[in-house]
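All remarks here apply to the structure that follows.
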Number of protein chains: 2
Amino acid sequence: MKKKITLKQIARELEVSISTVSKALKNSREISKDTTEKIQAFAKLYNYKPNNIAISLKNRRTKNIGVIIPDIVHHFFTTVFRGIEQFAGTRGYNVIACVSDESFEKEVINMELLANGSIDGFIMALSAETQLKNDFHHLKEIIDQGMPMVLFDRVTDDVICDKVVLNDFEASYMAVKKLIENGRKRIALVTTESYLNVSDKRAQGYYMALKDHKLELDESLILRLPYQYEEEKKSEAFFAANRMDAVLCVNEIFAVRSMKIAQKNGIRIPEDVAFIGFTDGILSKLATPALTSVAQHGEQMGAIAARMLIEKIERDDEKELEEETFRTEVIEATLIERESTIN
Amino acid sequence: MKKKITLKQIARELEVSISTVSKALKNSREISKDTTEKIQAFAKLYNYKPNNIAISLKNRRTKNIGVIIPDIVHHFFTTVFRGIEQFAGTRGYNVIACVSDESFEKEVINMELLANGSIDGFIMALSAETQLKNDFHHLKEIIDQGMPMVLFDRVTDDVICDKVVLNDFEASYMAVKKLIENGRKRIALVTTESYLNVSDKRAQGYYMALKDHKLELDESLILRLPYQYEEEKKSEAFFAANRMDAVLCVNEIFAVRSMKIAQKNGIRIPEDVAFIGFTDGILSKLATPALTSVAQHGEQMGAIAARMLIEKIERDDEKELEEETFRTEVIEATLIERESTIN
DNA sequence: TATTAACACGAAACCGTTTTCGTAGTTAAT
DNA sequence: ATTAACTACGAAAACGGTTTCGTGTTAATA
């Protein structure tokens with residue numbers, strides 16, 4: 001077993017100083033050609049690679065970014081993560097991934113753990129519990145310490161920082177409008193039980209679209225489901241009790257589950273009831289019938305979040321005094337039409 | 001903006017030495033009660049937290065583990081990741097996630113980047129390209145440098161280290177046996193085009209089950225598909241050309257895609273053809289009909305991998321000389337029966 | 001020949017901790 | 001009064017690099 005070699009060992013072996021070795025490996029003109037070649041040859045032979053931790057300590061930059069997401073077994077967050085990881089990779093950054101599991105406490109613990117020097121900045125989506133508690137002191141403190149931060153998807157106006165979001169309101173509005181134009185009149189909404197800014201915006205878009213098209217809002221056509229586990233009874237009762245001709249769901253899982261239950265009740269899709277979901281993951285494509293879905297472009301969102309963060313990190317390096325400015329980038333959703341809405 | 005405070009600043013402010021501050025914060029008996037209280041109060045006021053990087057450098061331990069997976073938008077790998085992250089969290093470890101994207105080169109680059117001090121050990125599943133090239137020198141080198149490593153799922157006998165795998169052969173055998181016992185006789189196999197150890201083992205299980213039940217192996221009943229993108233034509237031709245009464249697929253995506261194509265061809269599931277897939281993700285549950293699937297227990301697999309790795313890391317701390325021993329843990333798959341096989 | 005500049009390298013500080021060891025000052029024991 | 005033993009703290013090395021500055025040697029210039 002050959003342990004990694006250090007500058008010090010090379011220096012001792014070659015009877016030069018550590019500084020000389022360091023400079024030679026960086027091709028500094030300060031060092032003679034002979035010495036440089038000798039050192040580089042030796043370093044190569046012993047496969048010398050500088051220790052990242054030592055460099056991080058020196059530079060006070062880790063080239064790591066922290067990503068905190070509520071759930072990893074989740075198509076949308078995963079695609080965002082991929083976008084972040086890919087973009088970060090091109091810029092030489094690694095990604096430390098933490099899962100808050102929709103828990104406020106885990107979010108706080110993870111953030112504090114990482115904020116103590118392990119990373120150069122955060123990219124995160126708020127946990128459901130955090131949104132519910134409406135408590136963002138942990139974010140504020142960390143931002144106040146000068147840690148760059150980008151919030152995506154699950155954001156809040158209470159925290160001032162860079163953000164990347166979907167045009168949820170408009171996307172939802174357009175989806176409902178499309179249903180109405182296709183002649184649907186009794187449009188149900190399946191949304192999350194707990195408060196999430198995105199669900200809320202999608203609901204607002206739904207309300208507005210109904211209103212603009214003179215359709216009255218029927219509260220009994222709104223189904224609120226728990227986010228994480230399945231509650232089949234509630235859904236079954238909902239579809240048994242109500243007559244509708246279309247359903248908008250705030251994510252694809254709700255949509256596909258709902259379709260299954262509706263179909264079990266003898267409802268034909270899309271003839272009797274049309275379905276639209278959000279997310280457009282693999283589930284949408286492979287459901288029966290294939291689900292019309294609002295693409296959230298997670299990968300793009302992740303890449304943009306990573307770009308914003310890295311720009312801020314590297315700008316901090318340059319100028320210290322410049323006035324801070326924060327941006328919010330809005331990604332345009334796209335409606336992908338499939339069998340669940342085509343008449 | 002209040003930047004993080006350091007020991008040195010506290011020391012200067014309180015006119016004591018850095019060592020005294022460090023000891024006081026650790027409640028060392030060396031420091032008087034008065035001094036300790038004064039320092040702790042000051043530290044608390046300024047929210048002092050030790051710098052992780054400095055500690056990592058000192059201890060030569062980062063409390064980070066590197067996870068390299070071929071793909072993150074992938075149900076199985078995601079569940080494994082969750083298992084790793086959860087277990088690691090309970091032990092105070094963070095997870096640095098890298099995606100090899102099934103590429104040999106990316107795998108090498110990511111590993112080398114992380115191996116230079118950023119992490120204490122690796123957990124990884126080999127990329128498809130790596131398995132194809134059969135080139136594992138990067139793994140060997142890193143292991144040889146004393147870096148603990150656990151391979152999971154996509155493993156190889158050529159690398160000697162800890163491993164966690166599914167009993168793929170047996171799981172596949174049992175699945176096929178179940179089909180045969182249900183009276184199926186012409187059983188197709190849908191597997192990956194490129195070589196993967198897991199696909200291969202599943203195919204071996206399939207062969208063996210056929211053989212043991214005196215069913216002859218019909219090569220035309222084997223469909224090989226590309227792993228990452230969809231090739232609908234090939235599948236369509238396959239289901240149009242062949243008559244079968246059951247299909248075993250090496251993952252749930254192949255299974256659900258196949259079911260859709262079969263259904264389009266007027267095949268009834270499970271009456272005409274039964275389907276079994278591997279993975280048992282959300283797709284299996286929500287497909288129509290719901291797919292009978294081999295549960296791979298990814299989360300458990302991840303937790304076990306993390307436990308093995310952390311044990312090795314922390315054992316390395318203790319004893320240096322002890323003989324290295326490597327284990328392979330085998331997870332037992334479970335067949336989850338759903339509509340796609342029930343007659 | 002004296003002065004200056006270029007060259008090639010080393011010493012040391014620094015990043016932020018931890019930890020060993022040394023030592024004043026006090027107290028207790030001889 | 002002398003020695004021994006604490007107590008409470010500081011200096012310094014170490015982790016593994018980078019970087020600034022100083023310096024001895026040689027070569028070029030006046």
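Every chain is numbered from 1 and lettered A, B, ... according to where its sequence line falls, protein lines coming before strand lines.
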For this session: Looking at every strand, decide which applies to A:Ser22 at a 4.0 Å heavy-atom threshold: base, sugar-phosphate, or nothing.
Result: base
For this session: To the nearest Å, give me how far apart CG (B:Asn116) and C1' (D:dC15) are.
Result: 16 Å
For this session: List the steps, then state whether side chain to side chain donor-acceptor pair (under 3.5 Å) holds for A:Glu112 with A:His138.
Result: CA-CA 8 Å; A:Glu112 292 187 342; A:His138 51 309; over 6 Å; no
Problem set entry | Nucleic acid contacts - residues 9-21 of chain A versus DNA chain C, non-hydrogen atoms under 4.0 Å | A:Val16, A:Ser17, A:Ser19, A:Thr20
Problem set entry | Closest to side chain of B:Thr35, choosing from D:dC9, C:dT17, D:dT20 | D:dC9
Exercise. Would one find a side-chain N or O of B:Tyr48 under 4.0 angstrom from OP1 or OP2 of C:dG16?
Worked result: no
Exercise. So does A:Ser32 get a side-chain nitrogen or oxygen closer than 4.0 Å to the phosphate oxygens (OP1/OP2) of C:dC9?
Worked result: yes
Problem set entry | d(NZ, B:Lys26; P, C:dT19) in whole Å | 6 Å
For this session: May I have the distance from A:Lys8 (atom NZ) to C:dG10 (atom P), rounded to whole angstrom?
Result: 16 Å
Problem set entry | Neighbour count >12 (heavy atoms, 6.0 Å) for atom CG, A:Asp157 | no
Extract all donor-acceptor atom pairs below 3.5 Å that involve side chains of residues 90-97 of chain A and protein atoms in other chains or at least two apart in sequence.
unit_1	atom_1	unit_2	atom_2	d
A:Thr90	OG1	A:Phe87	O	2.6
A:Tyr93	OH	A:Glu314	OE2	2.9

Problem set entry | Under-4.0 Å side-chain N/O to phosphate OP1/OP2 contact, B:Arg60 with D:dG16 | yes
For this session: To the nearest Å, give me how far apart CG (B:Asn59) and P (C:dT19) are.
Result: 7 Å
Exercise. Between B:Thr79 and B:Glu299, is any side-chain donor less than 3.5 angstrom from a side-chain acceptor?
Worked result: no
Exercise. In whole Å, what is the span from the CD atom of A:Glu30 to the C1' atom of C:dA11?
Worked result: 13 Å
For this session: Please state whether the base of D:dT20 and the side chain of A:Lys23 form at least one donor-acceptor pair under 3.5 Å?
Result: yes
Problem set entry | For atom CG of A:Leu25 and atom C1' of C:dC9, their distance in whole Å | 15 Å
Exercise. Counting N and O atoms only, with roles assigned by atom type, does the side chain of B:Asn52 sit under 3.5 Å from a partner on the main chain of A:Leu113, one being a donor and the other an acceptor?
Worked result: yes
Exercise. Given atom NZ of A:Lys58 and atom P of C:dG16, what is their separation to the nearest angstrom?
Worked result: 10 Å
Exercise. Please give, in whole Å, the distance from D:dG16 P to B:Ile55 CD1?
Worked result: 16 Å
For this session: Give the intermediate values and the outcome of side chain to side chain donor-acceptor pair (under 3.5 Å) for residues A:Ser127 and A:Glu102.
Result: CA-CA 4 Å; A:Ser127 81; A:Glu102 303 288 7; 5.1 Å; no
Exercise. Does A:Ile5 or B:Arg29 map to a spot on DNA chain D nearer the 5' end, using the closest nucleotide for each?
Worked result: B:Arg29
Problem set entry | Side-chain H-bond candidate by donor/acceptor type, B:Thr20 with B:Ser17, under 3.5 Å | yes
